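What follows is a single structure, written as structure tokens, with notes after it.
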Amino acid sequence: MGKQSEGRRLIEDYLGRRARVYSQEKAVLADVLPPGRLAWEDEEALDELASLARTAGVDVVARLVQRREHPHPSTFVGKGKAEQLAQLAREHGAQVAVMGSELSPAQERNLEQATGLKIVDRSQVILDIFAQRAGTREAELSVELAQLEYLLPRLRGWGEALTDPGGGIGTRGPGETRLESDRRHAQRRIQSIKRQLQELDKVRSVRRKKRRGSGTPEIAIIGYTNSGKSTLFRRLTGADSLIEDKLFATLDTRVRSLELPGGGRPVAADTVGFIRKLPHQLIPAFRATTESTQEASLLLNVLDASSPHVLEHYATVHEVLAEQMLGDDQPWPPVLHVLNKIDAVQSPEQQSLLDRARAEIHPRVCVSAKTGRGLKELRHSIAAMLDSQFAHLVVRIPWDRQELISWLAELGKLELLPDTESLRARVTVPSAQVPRIRGVSGITVLEPSS
Ligand SMILES: Nc1nc2c(ncn2[C@@H]2O[C@H](COP(=O)(O)OP(=O)(O)OP(=O)(O)O)[C@@H](O)[C@H]2O)c(=O)[nH]1
Ligand SMILES: [Mg+2]
């Protein structure tokens with residue numbers, strides 16, 4: 001059996017039988033939340049989990065919340081709550097419990113024993129959605145890698161509890177237990193995927209360099225999952241991008257050019273959505289999104305202004321940017337917040353939340369990517385923010401300092417102007433580079449003159 005199919009087999013055997021949720025399977029949702037919230041918040045707290053479960057294809061039949069400071073160390077929910085969970089599942093004919101947090105392998109095993117239900121945690125549901133939706137080789141490899149890494153620490157418990165899933169003949173070395181050989185296969189496959197991803201990274205970075213060399217500014221359209229990024233991307237660029245009322249419709253970044261008032265033609269990238277409590281194994285799957293974010297001249301953060309969670313989403317996006325994408329050691333690209341779906345803001349509650357968001361979030365524009373409302377203003381704001389990012393200079397360089405021309409060309413866009421006495425060029429560079437250029441002896445900045 002080839003390495004690849006062996007890796008897949010492991011995922012199928014373990015995640016498949018034990019953890020993966022199948023369409024039409026009935027499930028109860030459950031989570032442990034800190035005490036001291038209002039009753040109606042319980043329902044809402046599980047809304048996102050319900051969307052995740054539905055996106056993965058599950059039929060959600062009931063919800064259960066336990067209020068406690070910390071999850072139970074061995075069974076996640078307390079003993080009494082575990083019984084209640086089993087009871088609730090029986091009443092609704094469900095065989096699966098989808099948990100709102102990531103459980104430790106032991107918690108999962110113990111809760112499974114206590115309830116007789118198949119226990120699926122939040123991370124598995126997200127991994128499953130990514131696996132179902134991965135459309136390119138890079139996305140497929142990234143997800144398989146994440147699944148294997150999720151799987152490795154869980155092989156023991158699942159392996160022991162399962163009857164031999166078969167397919168192991170000839171794959172086991174002499175004196176090796178099933179668990180050891182599975183672990184070895186998983187580790188090998190992980191190494192092989194990592195190598196393949198490195199190759200793909202190279203291809204992408206060459207493409208990126210080419211784009212940067214042409215001096216074209218890049219806008220990264222980022223934001224919480226399902227906020228309308230792809231819809232906006234489509235509106236702005238005219239490209240067709242998969243749009244669905246599901247979480248994680250987009251799993252690959254895409255780049256297209258767009259036209260701005262004033263004639264600017266930057267490119268925009270549609271990216272993978274963020275989510276609260278993203279399984280850490282999936283962070284590498286966001287590589288392309290991370291790069292787009294880091295290299296962008298401007299970030300458009302798309303927010304669903306009709307969601308009761310819009311302010312939480314705003315906070316999560318900031319967290320993901322700070323902790324996973326941009327960090328503190330480099331200056332962030334400027335961010336323009338796009339309060340989207342304003343056509344769907346109808347109830348007084350939604351309206352007052354939108355008012356709060358408008359007061360708290362800056363700079364921002366309100367749009368409806370669906371109806372087109374506010375898009376003209378958005379294009380103007382983009383043009384203005386990009387403009388302040390770039391400076392247009394005319395420089396003079398002596399004939400014997402031609403190397404300075406190539407240096408400038410690396411910083412941005414360069415166009416030679418006809419001249420006989422010296423080299424003269426019009427350059428467009430990031431504003432941050434201007435002091436540096438002015439400081440180089442041999443370069444005389446003619447325009448703007450101060
Ligand atoms: N009412 C309304 N719905 C919108 C608007 N923009 C997007 N939607 C809907 O919101 C859902 C998600 O849209 P997408 O564009 O796929 O969102 P996304 O942010 O790309 O989602 P992911 O790729 O899954 O992270 C779809 O059902 C869209 O039709 C809008 O301005 N108004
Ligand atoms: Mg999308």
Side-chain angles (χ1 to χ4, degrees), residues 47-57 125-136 139 142-143 219-256 258 268-279 282-283 285-286 288-290 292-293 299-310 312-314 316-317 320-321 324-325 336-347 350-351 353-354 357 364-379:
D47 278 352
E48 182 172 270
L49 185 63
S51 316
L52 283 169
R54 270 196 295 273
T55 298
V125 175
I126 296 176
L127 283 168
D128 221 37
I129 295 171
F130 271 66
Q132 286 171 22
R133 314 202 130 221
T136 62
S142 305
V143 174
I219 301 165
I221 303 178
I222 59 153
Y224 211 80
T225 183
N226 208 44
S227 60
K229 299 177 293 300
S230 298
T231 310
L232 186 68
F233 176 75
R234 195 143 107 170
R235 273 276 176 191
L236 288 174
T237 67
D240 59 341
S241 200
L242 178 67
I243 294 166
E244 266 188 276
D245 194 9
K246 286 194 165 171
L247 306 185
F248 302 113
T250 306
L251 279 191
D252 303 294
T253 59
R254 314 179 61 207
V255 179
R256 292 277 180 288
L258 69 144
D270 187 15
T271 65
V272 185
F274 303 162
I275 196 162
R276 198 171 55 91
K277 292 199 270 185
L278 179 77
L282 268 176
I283 293 172
F286 280 75
T289 294
T290 305
S292 293
T293 305
L299 300 179
L300 290 187
N301 172 27
V302 183
L303 290 155
D304 177 353
S306 71
S307 161
H309 302 289
V310 59
E312 290 159 50
H313 292 171
Y314 175 65
T316 300
V317 168
V320 175
L321 286 177
Q324 289 162 25
M325 310 250 149
L336 175 59
H337 302 280
V338 182
L339 289 166
N340 186 34
K341 306 199 190 181
I342 48 166
D343 61 288
V345 174
Q346 277 154 358
S347 71
Q350 284 177 313
Q351 189 55 55
L353 196 54
L354 176 59
R364 44 99 185 119
V365 281
C366 294
V367 308
S368 164
K370 192 172 175 180
T371 67
R373 202 168 125 200
L375 284 179
K376 202 170 153 196
E377 192 195 334
L378 173 62
R379 283 177 196 271

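Remember, it's 1-based here, ligands and their atoms both numbered in the order they're listed. Quick caveat: nothing in here was measured; it's all calculated off a predicted structure. In this chain, numbering begins with 1 at the start of the sequence shown.
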Ligand 1 atoms in contact with Ser230 (distance to a heavy atom under 4.0 Å)
15 (O), 18 (P), 20 (O)

Atoms in ligand 1 with a heavy atom of Thr225 nearer than 4.0 Å:
22 (P), 24 (O), 25 (O)

For ligand 1, is there an N or O atom under 3.5 Å from any N or O atom of Thr271?
no

Quick one: does ligand 1 sit under 4.0 Å from the side chain of Asn340, the backbone, both or neither, non-hydrogen atoms only?
side chain

I'd like to check which ligand 1 atoms, numbered from 1 as shown, lie under 4.0 Å from a non-hydrogen atom of Lys229.
15 (O), 17 (O), 18 (P), 19 (O), 20 (O), 21 (O), 22 (P), 25 (O)

Any side-chain heavy atom of Leu52 sitting closer than 4.5 Å to one from Thr55?
no

Around atom NZ of Lys277, are there more than 12 heavy atoms of other residues, nucleotides or ligands at under 6.0 Å?
yes

Would a 4.5 Å heavy-atom cut-off, applied to side chains only, mark Arg379 and Leu236 as touching?
yes

Heavy atom under 4.0 Å from ligand 1: found in Thr231's side chain, backbone, both, or neither?
both

Distance-only N or O hit between ligand 1 and Ala369, under 3.5 Å:
yes

Between Tyr224 and His309 (judged by ring centroids, cut-off 6.0 Å), do the two rings come close enough to count as a pair?
no

Are any non-hydrogen side-chain atoms of Leu378 and Leu336 less than 4.5 angstrom apart?
yes

Taken in chain and number order and not counting sequence neighbours, the residues that satisfy side-chain contact (heavy atoms from CB on, under 4.5 Å) with Thr293 are Ile222, Thr289, Leu299, Leu321, Met325, Leu326

N or O contact, Gly228 vs ligand 1, cut-off under 3.5 Å:
yes

With sequence neighbours excluded, what pairs up with Arg276 under the salt bridge (charged side-chain N to carboxylate O under 4.0 Å, His left out) test?
Glu48

Metal proximity, Ser230 vs the Mg ion (ligand 2), N/O/S cut-off 2.8 Å
yes

